[in-house]
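Within every chain, numbering begins at 1; the chains are lettered A, B, ... in the order of the sequence lines, protein sequences first and strands thereafter.
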Amino acid sequence: MWVLLLLPFIGLLWVPFYNMASPSLFGFPFFYWYQLAWVPITAILTWIVYRSAGHGDGP
Amino acid sequence: VSGSAELDWTALSVCIFFFALVTVMGFWASRWQKGTADHAHLDEWGLGGRNFGTWITWFLVGGDFYTAYTVIAVPAQVFAIGAQGFFALPYTIVVYPIVFAIMPRLWSFAQAHGHVTAADVVYGRYGSRWLELAVAATGLLATMPYIALQLVGMEVVIKALGLTGRYVDRRRQPVHPQCLEGLCKSGRHPCRRGIGREDHQPRGQGRRAAVYPIRARTIRARSAVARRVMDPADVSGGRVRAVLQLVPRSCAADGLGG
């Protein structure tokens, strides 16, 4: 499950993935909404890893 | 006093209200765990007695993130140079998985062995004074530009309230603080020459160079004084637009003019 935490690094640290204007969402260019979308996605991924690792004093 | 120097009473009232609120809450919080706390121990000062739970920590992390960097510096950068300023978003997003992976282990280890700072943890784990020193020095060094940024951010906020800190003389011309201290009475000192705000026009002298704010600005310079320090190539026309810095660094050091 820990490998899930690598996804935001892959998705965000290589700018050519999202350096484009379309498809736009609610008028926002892809470049902006793509990065903002990673905020809730990363939160959910972290939550999944947290659940799988148990509620002890940490991993 | 020009328009930009007038107080914004609404903003100032909001600022004073929240400043007072936070101050009162701070004193109130100091009584919060009175009696149980051992104030002789560094844990109390540095880590809140290791008693912060999930909620308090959540708010503390929020306080760490939403600073002058977040609300002033980054928006200003996006406004100035566009999408490049968005570096702040991916950077913040990837910080959280890193923290999630590392910090619980660090926390457990530090709690079990009574360590307070990161340098303590490193010394406790690796037993090297030099590594401990390197971690402590890196932490201090890395914090300094951040603190500097926060101070500049505070300056921006306070100026937005109308508290510009500008001195004006009888003719309402801006006076450089060093001139108040009698450091450049001769009139030959650069901060006496050709000084005026860009929106200010001295009476009876024609228009002069507007160079009072010390940081480089684009201004219209027509006086001989201003031309002297400029690149001759820029002074070919009657009206010259140039970025110039008339006042030497010694005069600019206090930063009050910006």
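- Closest heavy-atom contact between B:I98 and A:F9: CG1-CZ, 3.5 Å.
- Identified by a heavy-atom distance below 4.5 Å to chain B, the contributing residues of residues 17-27 of chain A are A:Y18, in residue-number order.
- Contacts of B:Y126 classified as ring-ring contact (aromatic ring centres under 6.0 Å, His included), with partners at least two apart in sequence or in another chain: none.
- Counting heavy-atom neighbours within 6.0 Å of B:F109 CZ, excluding the residue itself, gives a total above 12.
- Aromatic ring centres of B:F100 and A:W2: separated by under 6.0 Å.
- Applying a 4.5 Å heavy-atom cutoff, the residues of residues 60-89 of chain B that approach chain A are B:A83, B:F86, B:L89.
- Both the backbone and the side chain of A:L36 come within less than 4.5 Å of a heavy atom in chain B.
- Here the shortest heavy-atom pairing between A:T42 and B:P97 reads CG2-CG, 3.8 Å.
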Could you give the side-chain donor-acceptor pairs of residues 17-26 of chain B under 3.5 Å, partners two or more places apart or in another chain?
{"unit_1": "B:T23", "atom_1": "OG1", "unit_2": "B:F19", "atom_2": "O", "d": "2.6"}

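- Taking a 6.0 Å sphere around OH of B:Y146, one finds it holds more than 12 heavy atoms contributed by other residues, nucleotides or ligands.
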